[in-house]
Structures are given as C-alpha cells and as structure tokens.
Amino acid sequence: QVQFVESGGGLVQPGGSLRLSCTVDIFTTYDMGWYRQAPGNQRELVASITIGGFTTYADFVNGRFTISRDNAKTTVYLQMNSLKPEDTAIYYCKLGTDAWGQGTQVTVSS
C-alpha cells in the first residue's frame, strides 16, 4: 500500500499563498493530482500532472495555482496564490486512479 506524506496546509489570509507538498514512498509513472473537498460539497479536482509534465486545472483555479512534480517523480506540489475564502477545504493528494493521501486542511480567512 502506498504511503503518502502531505504537508503545507494551514491558515492564511485572503490574498495570501500556500504551497502544498505530497510525497509517496514509491517511484511512480502514474498521474498525480490535488483534489479538494469543502464541507457539504463533493470532492473535486484542483489540478493534475502527468509523468511527462502535462497539467490540467479546474476552471476555478483561473491562473492562481501551479502544480509541479519533482524529477524523481515521487513528490507533487501545489503552489496556491491569491487565495480566496472559497478555497477553504481539505486538500487531498491522489496517485493514479484510486490512491489517496490523508488530506491537509487549508483555511483562508481574515
């Protein structure tokens, strides 16, 4: 079973930035991505990245977030800028089609 280590969540004021990290304990060629789930909402895609570096973003990102992946292909990052209160959610790392991290809380509030 794949082990995930997620970090970088926290409390930030509107307009601020956070950088999420997710490291898995295996070398992988699978797609990696970030999803989020706010209370009462379904889990939704934020961004994903292939082994070749092809990226996909949700419409609500609108140029504010950047997903990246390290050369060893075991860590995925999500740089989040210009954060809004509606970005508040638990952010989950995903590997492949069905492996999930434990989630990290992001709260955007003044």
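Computed from a predicted structure; not experimentally measured. Positions are given from 1 along the sequence.
- Between Tyr57 and Asn62 the shortest side-chain heavy-atom distance does not fall below 4.5 Å.
- Side-chain N or O atoms of Thr23 include none that pairs as donor or acceptor with a backbone N or O of Thr75 at under 3.5 Å.
- Counting all heavy atoms, side chain and backbone alike, Met32 lies closest to Val24 at CE-CG1, 4.1 Å.
- Under a 3.5 Å cut-off, the side chain of Tyr77 and the backbone N or O of Asp70 do not form any donor-acceptor pair.
- Using a 4.5 Å heavy-atom cutoff, the side chains of Val12 and Ser17 are not in contact.
- When side chains are defined from C-beta on, Cys93 counts as touching Val76, because their heavy atoms get closer than 4.5 Å.
- Proximity of Trp100 to Val2: side-chain heavy atoms (C-beta onward) are nowhere separated by under 4.5 Å.
- By the 4.5 Å heavy-atom criterion applied to side chains, Glu86 and Phe60 are not counted as neighbours.
- Summarising the geometry of Arg69 relative to Tyr30, their closest heavy-atom pair is NH2-O, 2.7 Å, with the distance given to 0.1 Å.
- For the pair Glu6 (side chain) and Gly103 (backbone), a donor-acceptor distance under 3.5 Å is present.
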Practice task
Test side chain to side chain contact (heavy atoms under 4.5 Å, CB included) on Asp31 and Thr56 and set out the steps.
Solution key: CA-CA 11 Å; Asp31 293 358; Thr56 301; over 6 Å; no
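- The shortest heavy-atom contact between Cys22 and Trp34 is CB-CZ2, 3.5 Å.
- The shortest heavy-atom contact between Gln105 and Ala89 is NE2-O, 3.4 Å.
- In this structure, CG on Leu18 lies 8.5 Å from CD on Gln79, to the nearest 0.5 angstrom.
- Minimum interatomic distance between Leu78 and Ala47 (heavy atoms only, all atoms of both residues): CD1-CB, 4.3 Å.
- Contact of the Arg36 side chain with the Val106 side chain is not registered, since no non-hydrogen atoms from C-beta on lie closer than 4.5 Å.
- Heavy atoms only, all atoms of each residue included: Ile67 and Thr55 are closest at CG2-CG2, 3.6 Å.
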